[in-house]
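Quantities reported herein were computed from a predicted structural model and do not represent experimental measurements.
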Amino acid sequence: MGTKYLAILAFAACILRSVAATPSLSLQKDARHGVIAPKVVIISMFSLEAAIWPEQLGLYARNITTPGLSPEYPVVHCDVKGEVCQLTTGEGEINAASTIMAFALSRHFDLSYTYFLIAGIAGVNPFYATTGSVTFARYAVQVALQYEIDIRELPSNYSTGYIPQHSMVPETYPGTVYGTEVFELNAALRDRAIAQAKKATLNDTAKAAAYRAKYDYSPANQPPTVVACDTATSDVYFSGNLLSESFGNYTAVLTNGTGVYCSSQQEDNATLESLLRADSAGLVDFSRIIIMRAGSDFDRPPPSETAAYHLLEASQSGTTPALKNLYLAGVQIINDMKGNWTDYKHGIKPDNYVGDILNSSGSTTVMDFG
């Protein structure tokens, strides 16, 4: 590596060390404008998810245009006290990572004690949940970070075209990892969030129920509930029995059999990686993250439909109840945080490992995967 590039790397490292050592420096410079220290930040991914919060929670009281956020969603919305804020990342892993990192580095916010409620709709595994159900994840797994062979060129003994990196066969542990493959969140915080969410009376619609009835097993054909299960991140919007089963198996492999795949989305591992790096710089606390995903559609078809029809043409009608239930469950969690801040302020202590597959946070708790 040339001297020029070494100098650049050294300069970047110096800047990061400076931010980590004095996390309040930029806040002091901007104090005259009023730095906001939210109790909770709601993270939405696109407009439909974002629209359910501001008016009902009074989040248009303070609107902060923040450099580095998505050009589609450049504003963070907060209530008058700055206790609850909401931002929108844009869809997909690149948008999520870029937005969250820019937000974490913003001069306008002190996120030292902030909880992050990732709240979005998702595909849902009909063997573990149904449309409208609200799921809470302990693990987020980046399922599409693998080798891929077109299924038309697969060896006859391969069950899927996805093969873990530096491995020879599908659904085995990867020989090489990038560090973003698996994140584990605070299980004690998740359990408290679930307990609050279960206080909500979840919404349902006749159209969503009619589509669910096409499945001849539960919980697919049952009303929405609150479910503890895990989430799969992929920029590939996948659908069908074979892909969904393969990614479910891969989730189990990467979590040593403890993860249960039930929701699919396009952003969460990217969001978590940015928050983990911000944690390393002393800007946020990675143990204060909740992933809440509501099922808007099934990840595989009912027996009467093909995978193509299910993905491209079927009217599953799950988006409306999913969005309503995100709010109904989420507001219970937010109200608990605001009403019991003395419990939350210094953190809900985890009793499990919290972090990534590389233990980047330096946790002394034994990692239960990897």
Side-chain angles (χ1 to χ4, degrees), residues 33-66 69-70 72-91 96 99-100 103-104 106 108-122 132 134-136 189-190 192-203 224 226 265 267-268 271 275 284-285 288-294 296 319-345 348:
H33 299 299
V35 172
I36 298 174
K39 293 178 177 177
V40 58
V41 170
I42 303 161
I43 299 176
S44 307
M45 275 51 71
F46 73 113
S47 57
L48 290 180
E49 295 167 351
I52 64 177
W53 304 102
E55 288 190 3
Q56 298 193 78
L57 296 181
L59 303 185
Y60 288 136
R62 303 174 75 173
N63 303 290
I64 304 94
T65 300
T66 305
L69 268 58
S70 164
E72 287 189 280
Y73 310 106
V75 178
V76 179
H77 304 288
C78 300
D79 63 10
V80 66
K81 294 182 178 181
E83 292 183 329
V84 182
C85 296
Q86 181 268 331
L87 62 85
T88 307
T89 65
E91 294 172 274
T99 293
I100 296 302
F103 177 60
S106 171
H108 301 300
F109 300 93
D110 177 357
L111 305 174
S112 304
Y113 292 94
T114 299
Y115 287 82
F116 298 90
L117 178 61
I118 300 171
I121 60 175
V134 184
T135 70
F136 291 86
L189 176 61
R190 181 189 73 159
R192 179 153 181 166
I194 287 172
Q196 299 308 311
K198 286 184 174 179
K199 296 177 181 178
T201 300
L202 298 183
N203 176 264
V226 174
Q265 39 66 38
E267 298 87 13
D268 289 353
T271 295
L275 288 173
V284 309
D285 181 348
R288 299 183 179 219
I289 303 170
I290 299 167
I291 294 180
M292 178 178 67
R293 288 281 181 171
S296 58
T319 300
T320 295
L323 289 168
K324 289 184 178 179
N325 290 340
L326 272 182
Y327 176 81
L328 293 170
V331 75
Q332 297 288 340
I333 299 166
I334 293 167
N335 288 340
D336 184 48
M337 290 178 176
K338 292 170 64 178
N340 298 287
W341 186 242
T342 53
D343 293 346
Y344 283 96
K345 182 175 180 180
I348 304 298

One should read off an interatomic distance between Tyr60 OH and Gln86 CD, to the nearest 0.5 angstrom, of 8.0 Å
Quiz item: Any chance NZ of Lys324 has more than 12 other-residue heavy atoms, nucleotides or ligands included, within less than 6.0 Å?
Solution: no
Problem - Stepwise side-chain contact (heavy atoms from CB on, under 4.5 Å) check, Leu323 with Glu49 - result: CA-CA 7 Å; Leu323 289 168; Glu49 295 167 351; 4.2 Å; yes
N/O donor-acceptor pair under 3.5 Å between Thr65 side chain and Pro74 backbone:
no
Are any side-chain N or O atoms of Ser112 and backbone N or O atoms of Asp110, one a donor and one an acceptor, separated by less than 3.5 Å? no
Residues Val331 and Trp53: closest non-hydrogen pair is N-CZ3, 4.3 Å
Output for pair (Lys345 NZ, Tyr115 OH), nearest 0.5 Å, gives 11.5 Å
Item to complete: Please confirm whether the backbone N or O of Ser47 pairs with a side-chain atom of Tyr73, one donor and one acceptor, at under 3.5 Å?
Response: yes
Closest heavy-atom pair, Ala200 versus Leu328, reported as atoms and distance to 0.1 Å, is CB-O, 3.4 Å
Is the backbone N or O of Asp79 less than 3.5 Å from a side-chain atom of Arg62, with the two atoms forming a donor-acceptor pair by type? no
Rounded to the nearest 0.5 Å, the CD1 atom of Ile291 sits from the CD atom of Glu267 at a distance of 11.0 Å
Q) Can you list the steps and then say if Leu117 with Met337 is a side-chain contact (heavy atoms from CB on, under 4.5 Å)? A) CA-CA 11 Å; Leu117 178 61; Met337 290 178 176; 6.0 Å; no
Nearest heavy-atom contact between Thr271 and Ile43 is CG2-CD1, 4.1 Å
**Item:** Ile36 side chain reached by His108 side chain, heavy atoms, under 4.5 Å
**Value:** no
Shortest non-hydrogen pair, Ala322 vs Ile121, comes out as CB-CG2, 3.9 Å
Taking every heavy atom of Ile42 against every heavy atom of Ala119, the minimum-distance pair comes out as CG2-CB, 4.2 Å
Rounded to the nearest 0.5 angstrom, the OG-CD1 distance for Ser106 and Ile64 is 8.5 Å
In this structure, CD1 of Ile100 is separated from CG of Leu87 (nearest 0.5 Å) by 5.0 Å
Distance col, row Phe109:CZ vs Cys78:SG, nearest 0.5 angstrom, shows 4.5 Å
Residues Lys338 and Glu83: closest non-hydrogen pair is CE-OE1, 3.5 Å
message: Given 3.5 Å as the limit, does a donor-acceptor pair link the side chain of Asn325 with the main chain of Val134, or not?
response: no
Only residue of Val41, Thr89, Ile290, Ile289 satisfying side chain to side chain contact (heavy atoms under 4.5 Å, CB included) with Ile118 is Ile289
**Message:** Any side-chain to backbone donor/acceptor pair from Thr114 onto Pro38? Under 3.5 Å, distance only.
**Reply:** yes
For residues 192-202, the side-chain hydrogen bond (donor to acceptor under 3.5 Å, both in side chains) pairs (sequence neighbours left out) are Arg192-Asp336, Arg192-Asp343, Arg192-Tyr344, Gln196-Lys199
